[in-house]
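Report on the following structure.
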Amino acid sequence: MEILLDMDRTGRITSGALQDGLRKLQFTEKENRAFITRLVEGTTEYRLQLDAVIDQYAKKKTEKQKPPVRVILRMSVYQLLYMDGVPDRAVLSEAGRLMRAHHLENMIGVVNGILRNVQRGLEDGTVDAVRNTSLSLKYSTPEWICDRLIAAYGGEKAERILAAGFTDRPLTIRVNRTKTTKAELTDTFLQAGISVEEGLISPDALRITGVDFVRKLPGFREGHFFVQDESSQYAMNTLGDVAGKRIISLCAAPGGKATMLAERGGIVTARDLTEEKTELIWENAERLGLSLAVEAQDASEAVPEDKEAYDIVIADVPCSGLGVMGRKNDIKYHISPEGVEELVQLSGRILDAAAKAVRPGGTLLFSTCTLLPEENGMQVLEFLEKHREFRKIEEKQLLQGMDPCDGFYYCQMVKE
């Protein structure tokens, strides 16, 4: 409850709030940490749907409730709807205990009444009717996002994309070949009782399950792997042999693409906007035992010294992040149509600046972890209209629910 209340009051993202909460509990039983993770993440990703169900039975709308009441209702209804292993009586009892702990005794009857009505609604079909009112409520995703996905991919694909966000998927890592091999790391995981499978679209990827605290995985501190989705690895693999090539990775934090190319012999510079982000890149490069330059710099501003200085420029621009909704379950609540337009303008400026750093015959690789055409293909078309010296070599849109990875877009262009 304290984690969810922190997020409700501050607008903090799930991953940060949950990580801080679990760090305090890292020495408790794994089952307890797993329960906390599921309850926090589930309550967050189903928030729109939970509010609609609560509002069906509450006189005061969820958004008008006091924060502690709102959080208790949401997490309680989530357990009633989606956590069969928790007895209903335990949900109601715990809700009452939490209400008393927050000095809300006068509201216990109201909350109890709503939860009992939800119980009855599950039995008579009322709750299912609410949940299936629209694609937006079924997948607890803002309507404008659903509309744009339908416009881009059609109703059937849009629903598969949204459904993929609620499917448990393995954690994907990239094996650091400078320190170990895939076979050795696989054996290490298996000996530790961790389920592991081969990657599906990247040769250095492993897919692992049953993990609740990455830093405790064997080999993490030794730098034997980096957490990186296969979609990102796949895009970097299209660059071929990068040994000895001068490479700059823009908007590089946490450093997945930059360290992957440095691992393969590239002479890499990684940049991001703030010292906090560059420090994260440094930490990861040091843990992996890789050498690269790290600089704090606004990617939307061209650096005179960069002019035609690089063989490869990676522009992994800020985006709406709709391709990673399954991993960042609250990202859909933190973006808006206006925000997308601002991101389109920003990424356009970053691409213009990045173009100047590419040497003749060099490569510009533009990438995002989103699905919207205005952030991806349409952005490339506009860029190529302005920069006739560039030619498109390869372009791909990966879609969660259809491809075995996160949603991801990349376009490789060469400077003539």
Side-chain angles (χ1 to χ4, degrees), residues 152-153 201-203 229-252 256-258 260-262 264-271 297-320 323 340-341 343-399 403 405-416:
Y153 302 106
I201 61 173
S202 175
D229 191 69
E230 282 195 80
S231 57
S232 173
Q233 296 182 47
Y234 182 91
M236 294 304 99
N237 285 332
T238 66
L239 294 170
D241 183 7
V242 299
K245 293 185 178 180
R246 292 197 66 196
I247 302 169
I248 188 165
S249 179
L250 305 173
C251 312
K257 299 173 185 65
M260 183 174 179
L261 297 175
R264 297 182 176 191
I267 304 167
V268 179
T269 297
R271 286 188 187 154
Q297 172 68 37
D298 186 344
S300 67
E301 298 178 359
V303 177
E305 292 77 16
D306 287 348
K307 186 176 180 181
E308 297 187 344
Y310 293 95
D311 300 297
I312 299 171
V313 176
I314 309 294
D316 187 54
V317 302
C319 66
S320 58
V340 169
E341 180 55 33
L343 288 168
V344 168
Q345 297 301 319
L346 173 60
S347 62
R349 294 196 298 272
I350 291 173
L351 276 175
D352 288 341
K356 297 175 182 178
V358 184
R359 69 162 179 81
T363 297
L364 173 61
L365 192 143
F366 166 61
S367 65
T368 75
C369 57
T370 194
L371 313 173
L372 300 180
E374 56 264 47
E375 296 184 82
N376 296 334
M378 291 170 63
Q379 183 77 274
V380 168
L381 289 175
E382 185 172 334
F383 172 82
L384 292 174
E385 279 294 314
K386 292 167 62 179
H387 299 272
R388 297 301 180 95
E389 71 276 22
F390 280 88
R391 176 170 51 88
K392 182 164 63 175
I393 298 297
E394 182 178 351
E395 179 182 36
K396 193 172 187 68
Q397 175 73 67
L398 296 161
L399 300 172
D403 295 297
C405 56
D406 289 341
F408 193 87
Y409 171 88
Y410 71 87
C411 182
Q412 189 179 143
M413 296 168 276
V414 66
K415 191 174 189 178
E416 302 287 7

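These values consider heavy atoms only, across backbone and side chains, with no hydrogens, waters or symmetry-generated copies.
Taken from CG in N376 to OG in S347, the straight-line distance is 8.5 Å, to the nearest 0.5 Å.
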>> What verdict does the side-chain hydrogen bond (donor to acceptor under 3.5 Å, both in side chains) test give for T238 and E394, after you've listed the backbone C-alpha separation in whole Å, the side-chain angles of each residue and the deciding distance to 0.1 Å?
In response: CA-CA 9 Å; T238 66; E394 182 178 351; 4.7 Å; no
>> Is there a side-chain hydrogen bond (donor to acceptor under 3.5 Å, both in side chains) between T368 and E375? Walk through the geometry before answering.
In response: CA-CA 8 Å; T368 75; E375 296 184 82; over 6 Å; no
> Stepwise, does the side-chain contact (heavy atoms from CB on, under 4.5 Å) test hold for S367 with K257?
Replying inline: CA-CA 11 Å; S367 65; K257 299 173 185 65; 3.8 Å; yes
> Please walk me through it: do I393 and T363 pass side-chain contact (heavy atoms from CB on, under 4.5 Å)?
Replying inline: CA-CA 9 Å; I393 298 297; T363 297; over 6 Å; no
> What's the verdict on side-chain contact (heavy atoms from CB on, under 4.5 Å) for L250 and Q297, showing C-alpha distance, side-chain angles and the deciding distance?
Replying inline: CA-CA 9 Å; L250 305 173; Q297 172 68 37; over 6 Å; no
> Would R264 and N237 satisfy side-chain contact (heavy atoms from CB on, under 4.5 Å), going step by step from the backbone distance to the final call?
Replying inline: CA-CA 10 Å; R264 297 182 176 191; N237 285 332; 2.6 Å; yes
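In this structure, M378 and L372 have side chains that are not in contact, with every pair of non-hydrogen atoms separated by 4.5 Å or more. Looking at heavy atoms from C-beta onward, L343 lies out of side-chain contact with E374 at the 4.5 angstrom threshold. Using a 4.5 Å cut-off on side-chain heavy atoms (C-beta onward), Q233 and I201 make no contact.
Under a 3.5 Å cut-off, the side chain of E389 and the backbone N or O of K415 do not form any donor-acceptor pair. Within the 3.5 Å criterion, the main-chain N or O of S249 finds no donor-acceptor partner in the side chain of D316. A distance-only check finds no donor-acceptor pair linking the side chain of E395 to the backbone of M413 [under 3.5 Å]. Side chain of D229 to backbone of D406: a donor-acceptor contact under 3.5 angstrom is found. With hydrogens and angles ignored, the 3.5 Å screen pairs a side-chain donor or acceptor of Q379 with a backbone N or O of V344. Between the side chain of Y153 and the backbone N or O of L371 there is at least one donor-acceptor pair closer than 3.5 Å.
Between T370 and Q397 the shortest heavy-atom distance is O-NE2, 3.3 Å. Closest approach of L351 to F383, counting heavy atoms only: O-CE1, 3.5 Å. Residues I247 and Y310 approach most closely at C-CD2, 3.7 Å, considering heavy atoms. Between I350 and P318 the shortest heavy-atom distance is CD1-CD, 3.6 Å. Closest of all the heavy-atom pairs between A315 and L364 is CB-CD1, 4.3 Å. Closest approach of A309 and R246 over heavy atoms only: O-NH1, 3.1 Å.
Other residues, nucleotides and ligands contribute at most 12 non-hydrogen atoms within 6.0 Å of the NZ atom of K356.
Ring pair F408/Y410 is tilted by interplanar angle, where 30° to 60° counts as tilted.
Taking the charged nitrogens against the carboxylate oxygens, R271 and D306 do have a contact shorter than 4.0 Å, which makes a salt bridge.
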